Enquirer: 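One structure, pasted below without further comment.
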There are 2 protein chains.
Amino acid sequence: MKHILNKNTQEVLQAAQKQCQQQGLRFTTKRSNVLQLMLNENKSLSAYDIMAEYKTQYNQSISAVSVYRMLDFLIHAQFVHKLISSSQYIVCSHITCHHAHEIPQLLICDTCHQVEEISIGKLLASELEANIAASGFKLQRQQLELHGVCISCQNLH
Amino acid sequence: MKHILNKNTQEVLQAAQKQCQQQGLRFTTKRSNVLQLMLNENKSLSAYDIMAEYKTQYNQSISAVSVYRMLDFLIHAQFVHKLISSSQYIVCSHITCHHAHEIPQLLICDTCHQVEEISIGKLLASELEANIAASGFKLQRQQLELHGVCISCQNLH
DNA sequence: GTTGTAATGTTACAACATTACATTATTTTC
DNA sequence: GAAAATAATGTAATGTTGTAACATTACAAC
């Protein structure tokens with residue numbers, strides 16, 4: 001299944017703001033700045049990367065704790081994914097989409113840190129779940145993170 | 001597919017020793033101790049857990065650095081898996097098996113830290129790979145980590 | 001404007017991991 | 001078997017990621 005992906009940063013920011021309004025969440029300047037910063041970088045970033053970039057781009061110091069809190073907010077609002085496997089953070093590719101979010105399957109390039117987000121097909125998802133249910137196991141986090149090298153980095157050598 | 005799983009600790013240790021001999025790897029006392037310790041605990045452990053357990057079980061202090069080095073060794077020898085998502089380590093369930101290792105699918109219980117290792121079916125694996133190959137992405141780490149609650153912990157409430 | 005709640009700041013620290021260099025143990029070579 | 005080479009382990013310092021506890025500031029509701 002192919003989705004319409006994020007267009008420009010402004011559009012995504014406006015969509016985010018609108019969604020927050022509708023849900024009664026505060027889309028503060030700093031939260032918006034962090035999201036904007038992450039949209040500009042086209043790759044996953046650590047919390048400390050974000051802290052440094054914030055300082056650079058907005059000429060204002062921000063503490064690590066604040067970054068983590070803003071990331072928590074953005075994750076709960078479903079604007080950002082945490083990559084557990086690399087302790088990094090990336091904007092969700094589907095902020096401007098309106099369909100329900102499926103199990104995200106994240107292809108993480110270990111060379112350039114770009115992340116491609118594809119949704120796992122319904123069939124595949126149900127097979128995986130059946131495979132798991134056989135053990136009586138109850139899934140919590142539904143997110144597949146797969147590490148490798150993206151097509152651009154393969155071509156570089 | 002169901003495999004014969006590890007039997008008792010002694011048997012696994014002997015199998016490990018034999019495999020090291022065949023490959024010219026040194027299965028030192030401390031490496032063996034660490035593996036034994038991990039076999040005794042029926043759950044995943046952090047490097048610092050292992051350090052503490054080592055002290056308790058062998059009445060000898062060992063540094064974090066050494067633990068990490070021994071874990072590296074055990075991982076390369078394919079005796080141990082690293083759970084990226086929780087920064088913990090667990091003995092591979094297939095040390096005494098002789099078939100080629102398939103993509104491990106690890107069901108990690110977030111309550112008791114027990115890990116069930118099931119091998120992903122060939123069909124499912126090829127579907128996943130096809131899904132990924134469509135993006136030109138080249139997989140590196142082939143390990144699926146799935147978090148949830150195991151059947152025993154569900155029954156406890 | 002006062003008050004209550006949410007957001008952010010500050011400080012301290014916990015947990016996980018690596019680097020650099022020293023020392024010890026084992027193997028190899030002669 | 002002694003010297004040299006290599007592998008394993010020890011020690012100290014530090015880097016990275018993340019959280020806890022509490023203070024302060026900003027904003028919304030009344």
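Keep in mind the model is a prediction, meaning the values are calculated, not measured.
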Enquirer: Using a cut-off of 4.0 Å between protein heavy atoms and nucleotide atoms, how would you tag nucleotides 25-30 of chain D 5' to 3' with B, S and -?
Expert: ------

Enquirer: Check the phosphate of D:dT17 against A:Ser46, side-chain N and O only, distance under 4.0 Å to OP1 or OP2. Yes or no?
Expert: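 For D:dT17, OP1 or OP2 has a side-chain N or O of A:Ser46 closer than 4.0 Å.
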
Enquirer: Please tell me which of B:Met70 and A:Val65 maps to the more 5' nucleotide of DNA chain D, matching each residue to the nucleotide holding its nearest heavy atom.
Expert: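 Result: B:Met70.
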
Enquirer: Would B:Gln78 and B:His94 count as having a side-chain donor-acceptor pair, cut-off 3.5 Å?
Expert: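 Judged by distance alone, the side chains do not pair up.
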
Enquirer: May I ask you to verify if any side-chain N or O of B:Tyr68 is less than 4.0 angstrom from the OP1 or OP2 atom of C:dA17?
Expert: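 Yes, such a contact exists.
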
Enquirer: Is it the case that D:dG15 (base atoms only) and A:Tyr48 (side chain only) share a donor and an acceptor within less than 3.5 Å, ignoring hydrogens and angles?
Expert: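 Answer no: no donor N or O sits under 3.5 Å from an acceptor.
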
Enquirer: Classify the nucleic acid contact of A:Tyr89 as base, sugar-phosphate or nothing, counting any heavy atom under 4.0 Å across all strands shown.
Expert: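 Here A:Tyr89 touches the backbone only, sparing every base.
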
Enquirer: Identify whether any heavy atom of B:Ser63 sits under 4.0 Å from a base atom; if not, whether one sits that close to sugar-phosphate; answer base, sugar-phosphate or nothing.
Expert: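 It contacts base atoms.
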
Enquirer: Would you kindly compare B:Ser86 and B:Arg69 by the position of their nearest DNA chain C nucleotide and give the one closer to the 5′ end?
Expert: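 Mapping each residue to its closest nucleotide by heavy atoms, the 5'-most match is B:Ser86.
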
Enquirer: C:dA17, OP1 or OP2 - any side-chain N/O from B:Ser87 closer than 4.0 Å?
Expert: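 Checking C:dA17 against B:Ser87, a side-chain N or O does come within under 4.0 Å of OP1 or OP2.
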
Enquirer: Taking any heavy-atom pair under 4.0 Å as a contact, classify B:Arg31: base, sugar-phosphate, or nothing.
Expert: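 If one applies the 4.0 Å heavy-atom cut-off, B:Arg31 turns out to touch the sugar-phosphate alone, with no base involved.
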
Enquirer: Using side chain to side chain contact (heavy atoms under 4.5 Å, CB included) as the criterion, list what pairs up with A:Gln114, not counting sequence neighbours.
Expert: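 Listed in chain order: A:Asn42, A:Lys43, A:Cys112.
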
Enquirer: Scan side-chain atoms only and decide if B:Gln88 and B:Ser46 contain a donor-acceptor pair under the 3.5 Å cut-off.
Expert: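 B:Gln88 vs B:Ser46: no donor-acceptor pair found between side chains.
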
Enquirer: Quick one: look up who D:dC30 pairs with, Watson-Crick or G-U, both distances under 3.5 Å, and put none if it's unpaired.
Expert: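 In the structure as shown, D:dC30 has C:dG1 as its Watson-Crick or wobble partner.
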
Enquirer: With respect to the phosphate group of C:dA7, does any side-chain polar atom (N or O) of A:Ser66 fall under 4.0 Å of OP1 or OP2?
Expert: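 It does not, given that no N or O in the side chain of A:Ser66 lies less than 4.0 Å from OP1 or OP2 of C:dA7.
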
Enquirer: Compare side-chain N and O positions of B:Lys82 against OP1 and OP2 of C:dC16 and report whether any pair is under 4.0 Å apart.
Expert: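 B:Lys82 to C:dC16 OP1/OP2: no side-chain N or O under 4.0 Å.
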
Enquirer: Do the non-hydrogen side-chain atoms of B:Val34 and B:Ile50 ever get within less than 4.5 Å of each other?
Expert: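 Heavy-atom side-chain distance check passes, below 4.5 Å.
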
Enquirer: Please find the pair of heavy atoms, one from B:Gln140 and one from A:Gly148, that lie closest to each other, and give the distance.
Expert: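 Minimum heavy-atom contact is CG-CA, 3.5 Å.
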
